[in-house]
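Following: one structure in structure tokens, then a few remarks.
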Amino acid sequence: MTPSQGTAQNHLDEMTLLLFLERQLDRERAAEVSSHMQECGDCTTLFRALDRESRLLTRAMLEEEESLPARLASFQQKAKRSMQWIWMVTFGLAATGVYAIYTSYVEPVQNRLQDAGFGGTNLLGLLVFQGAFWKGWQSMLSLVEILAFLVVGVSAALLFRRWFRRGTLAALLVTGMCGALMIPVNAAAFESRKGETVEVSKDESIKGDILLTGNRIVVDGNVDGDVYAFGQDVEVNGHITGDLISGSQTTRVNGTVDGNVRGFVNTVTVAGNVGRNLMAWAQVVNVDSKGKVGRSLTSFCQSLGVDGQVGGDVVSFNQSTRIAGTIDGGLNARGELLTIKSKARITGPVKFEGEKEPRVEEGAVLTAGPVSFTKHMPNHREGGKGYLFFRLLWTCSFILYGMVLTLLMPRFAGDCVSSAENAGPSLGIGLLILLSTPIAAGLACFTFVGLPLGILTLVLWLVLLFSAQIVFGSLLGRWILGPTEDTWGRVGRMALGMAILGVAVIIVHQTNHWIEFFFKMALMIWGIGAISLTIYKRLQRSSGAIVAPPMVA
Amino acid sequence: MEAPKPGRMSSPGAAESTEAITRAKTGDPEAWGELYRVFAPAIFRFCRRALPTREDAEDATMEVFMKVRDKLNQYDSSRPFSSWLYKVAANHCWDLLRRRKIRQDKETEDLDTLPLEHPDANQLEQLIEKRTSEEVRKALDKLPARARMALVLRYYSDMSYDEIADSLGVRRAFVGVVLLRARHELRQALEGSGALAVGGAG
């Protein structure tokens, strides 16, 4: 039998030939097969046939150029579009939040800007910031705040999701937060009431703490515990043995609160008795002529008026402070204006740091001597030497701070600057963090988690604020000198950027307050956003997962 | 960045932009978009070959890319990206088929019993000669899931026997058997008859 006419007995099987073709045989076996094929025509033919079959298969599978279906081609675009939608909501939410923050916290400071000629008569200011245009939206504010808080909650859950199992805990956490906000009845251990008008009626007596939420809240009866009141108007005509914690448009105490009164409100009026301290972040704080505060009064507001009696010290950071009552302690005021009326009696020392000389009317009794006045130089708008020196010092300290940060965390600093190059996401996230963190921290302070966490959050937020400018400065340096991987190169770019930024701030400072305000805000938002994005990416990387954007098919 | 050439994955490795992959790892949406744009057509075609319907392939392509996005940090950049991508796609498609109980377990049992044959080479040549790519594709669609998947992994994705064994969950030693059996089934389908198209010669 010639090799070309070989029989099945000495032919190689198909399997062996296939493995030989696919180079899957070991060297020894491959050599055997190879030498057999040199002698066997049938096996060689089969080998070639198998090879051609392989080629046919590959060709058949590759040949048909089926174009990518439209829905797959637009997969990315859709993802992008849906992201844009999220950014729009974020911006919208944040923009509404701006107004909320403005009316609650910024407005008290606003009048300080009026000496620059940008007063309330300005049409834009009147429409946009005095609230004439927006009054109808007031009721939406609490909703916005809840939304902002939820956004922070969800973001936190996403950030820390590596500690959660498949997001289940995150979902529980968020649900819990929603529950706590929406249905306080079940979430809190103590009693709670909610509704359009919520009241503790005259003949009622409540043992323990109570949470009241509603448009109008009236306490006519007795509460033997603390009262937490959140609503439009809060009025206490009855007796509270504990503290009154209030977040509302107006809070009025006509009755008695044995403990402290703490409020984040627009207007606080004390016409009754507050046994201990009064602390208020508000636009207007009034201690009525019949009103009495047992111990100290601390206020951060636009205008403080004391016609009644305060048993301890008064510390005020207000635009205007007017004393016409009795203070059995010292008065320490900072602001624009201090007026001490003729009926005033102040037993402790009176200190005032402000822009204008305090006005002390004749007949006022200041037992510890006259007002110690320090003239406050709030601005150097004229660009005087003092201001330039101050800016120089400020810029130098920023550069130093930036240098320390860059040297300590070179990679992180580089990543932050890279993130900052994505202006859209940075600005969006920055705005959200800038606005929602203080709200969330404020809420944490006296609702869920307690003071330490709230204060810690605020401190971190302040650190973020200070670091934000450095990120922007570094970005500026990178734009000018180009990117670098060298740490000292980064420091140099940061220093250059900060120097330019310093000059820019001086130039902007000479225009007007609003431009300066928005300029600085934009820088901060940009920087905060970039840092937050970087931290987010870091956490994602360390958790080994990247959150897929909501891709809608 | 050049699109990968399926079937010869080891060669286009150089063309893959490692930079885009690195950037995509950090969550850069632009880089991610670029990766998608470059690799999606090949992955879609892979899914189209491996799965029964076009709709299945479209869904699977999107799911594969979402999976890849989640797992991008697990990608070892010393290996070609397209190999890794096909591996993820193969696992996904095979899981999909398994979930639908399309996978035929009896095939595993048959692996040991594949007879050692020496088919008629001329007959086989004739069969291959006559068939067009179009006919081969139609015949592939008629194959059982495992057979089709094995052929796609080997002759479209150019996967190694180790990778195929891993993807299909069979022992490496059986990969050749799976492939040969798949070829037989394909020949059968090409012939359109119940009998083995190219019968054993001995």
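The figures here come from the full heavy-atom set of this structure, side chains too, leaving out hydrogens, waters and symmetry mates. A, B, ... follow the sequence lines: proteins, then strands. Residue 1 opens every chain. Since we're looking at a predicted model, the values are computed, not measured.
None of B/Trp94, B/Phe39, B/Phe46 except one satisfies the ring pair (Phe, Tyr, Trp, His ring centres under 6.0 Å) rule with B/Tyr86; the exception is B/Phe46.
In terms of heavy-atom pairs under 4.5 Å with chain A, the best-connected choice from B/Glu135, B/Glu58, B/Glu129, B/Glu125 is B/Glu58. Among A/Leu17, A/Leu50, A/Leu19, the residue with the largest count of heavy-atom pairs under 4.5 Å with chain B is A/Leu50.
For B/Arg172, the part sitting under 4.5 Å from any heavy atom of chain A is the side chain, from C-beta outward, and nothing else. Interface remark: B/Glu55 contributes backbone atoms only to the contact with chain A (heavy atom separation under 4.5 Å). With a 4.5 Å cut-off on non-hydrogen atoms, A/Glu53 touches chain B through its backbone and its side chain both. In this structure, chain A has no heavy atom under 4.5 Å from any part of B/Val175.
Within a 6.0 Å sphere centred on CZ of B/Arg23, heavy atoms belonging to other residues, nucleotides or ligands number more than 12.
Shown here are the side chain to side chain contact (heavy atoms under 4.5 Å, CB included) partners of A/Ser54, two or more places apart in sequence or in another chain: A/Leu21, A/Glu22, B/Tyr155, B/Arg183. For A/Glu421, the side chain to side chain contact (heavy atoms under 4.5 Å, CB included) partners at least two apart in sequence or on another chain are A/Leu475, A/Arg478, A/Trp479.
Using a cutoff of 4.0 Å between basic side-chain nitrogens and carboxylate oxygens, B/Asp141 and B/Arg137 are not scored as salt-bridged.
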